[in-house]
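Structure record follows, encoded as structure tokens.
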Amino acid sequence: MNYWLVKSEPFVFSFDQLMSDGKTRWDGVRNYQARNFLRAMDVGDPVLFYHSNEGLEVVGIAKVLQANYPDPTAEKGDWSAVDLGPVKPFKRPVSLVEIKSNEGLQNIGLVRNGRLSVMPLTFDEFHLLLSLGETEL
DNA sequence: GCCAACGTTGGC
DNA sequence: GCCAACGTTGGC
């Protein structure tokens, strides 16, 4: 099992929307590094959901419903999509400020490369974020 | 709205 | 294959 974090601008697609939709296609990724992470996702992997631009916090837990398949929105090129579903919202959102000030989270992509939209988390990072969010899987 | 960081493109 | 120019992302 692997652990992940994805970013979304809440006014484009928010975690609340994922909760009410029950499922979404995670497509439109046009960055090779992010694409390769999408391809490494397995069904059932937990995915933390971060709101970029607005909110700037981890707001909930999602999971992989469907492993990677060709991105139908790609007109050319070799791109992938996955399907994600909601698990549960964080009891308490975890802000970027908090993440940056936590010693155990200095190596995650959010801190090291602010522009990466799909990134892996270690077991420890994932569980640290869960406990900061006062939420259990 | 600004700008730093990063990725991509294209000329040489 | 290098690197300057450009575009995009996203925090501030």
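Residue numbers start from 1 in every chain, and the chains themselves are labelled A, B, ... in the order their sequence lines are given, proteins ahead of strands.
- The closest side-chain heavy-atom distance from V47(A) to V87(A) is not below 4.5 Å.
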Filtered N/O pairs between nucleotides 2-5 of chain C and protein, under 3.5 Å:
none

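- Residues passing the salt bridge (charged side-chain N to carboxylate O under 4.0 Å, His left out) test with R30(A) are D71(A), sequence neighbours excluded.
- One can place CZ of R30(A) at 12 Å from P of dT8(B), the figure rounded to the nearest angstrom.
- The stretch residues 104-125 of chain A participates, sequence neighbours left out, in these ring-ring contact (aromatic ring centres under 6.0 Å, His included) pairs: Y3(A)-F123(A), F123(A)-H127(A).
- The shortest side-chain heavy-atom distance between R35(A) and N68(A) does not fall under the 4.5 Å cut-off.
- Following chains of ILVMFWY side-chain contacts shorter than 4.5 Å, one can reach M1(A) starting from L121(A), so the two form part of one hydrophobic cluster.
- Atoms NZ (K7(A)) and C1' (dT8(C)) sit 12 Å apart, rounded to a whole Å.
- Taking atom CD of E54(A) as the reference point, atom C1' of dG1(B) lies 15 Å away to the nearest angstrom.
- dG10(C) atom C1' lies 8 Å from atom CG of L56(A), rounded to whole Å.
- In this structure, the CG atom of L110(A) is 11 Å from the P atom of dC12(C), given to the nearest Å.
- Listed in residue order, the members of residues 113-120 of chain A having a heavy atom less than 4.0 Å from DNA chain B are N113(A), R115(A).
- With hydrophobic clusters built from ILVMFWY side chains whose heavy atoms lie under 4.5 angstrom apart, F49(A) shares a cluster with V111(A).
- One interatomic measurement links the two molecules: CG of N31(A) to P of dG10(C), which rounds to 10 Å at whole-angstrom precision.
- Looking only at side-chain heavy atoms (C-beta outward), I61(A) and K63(A) stay at 4.5 Å or farther from each other.
- Hydrophobic clustering of Ile, Leu, Val, Met, Phe, Trp and Tyr side chains at less than 4.5 Å, counting indirect connections, unites F13(A) with V58(A).
- Per the geometry, CG belonging to N53(A) stands 15 Å off P belonging to dT8(C), to the nearest Å.
- Among residues at least two apart or in separate chains, ring-ring contact (aromatic ring centres under 6.0 Å, His included) pairs with a member in residues 65-92 of chain A are Y32(A)-W79(A).
- No side-chain heavy atom of N113(A) sits less than 4.5 Å from a side-chain heavy atom of M119(A).
- For residues 32-41 of chain A, proximity to DNA chain C is found at no residue, defined as any non-hydrogen atom under 4.0 angstrom from a strand atom.
- Classified by interplanar angle (parallel below 30°, tilted 30° to 60°, perpendicular above 60°), the ring pair W4(A)/F37(A) is tilted.
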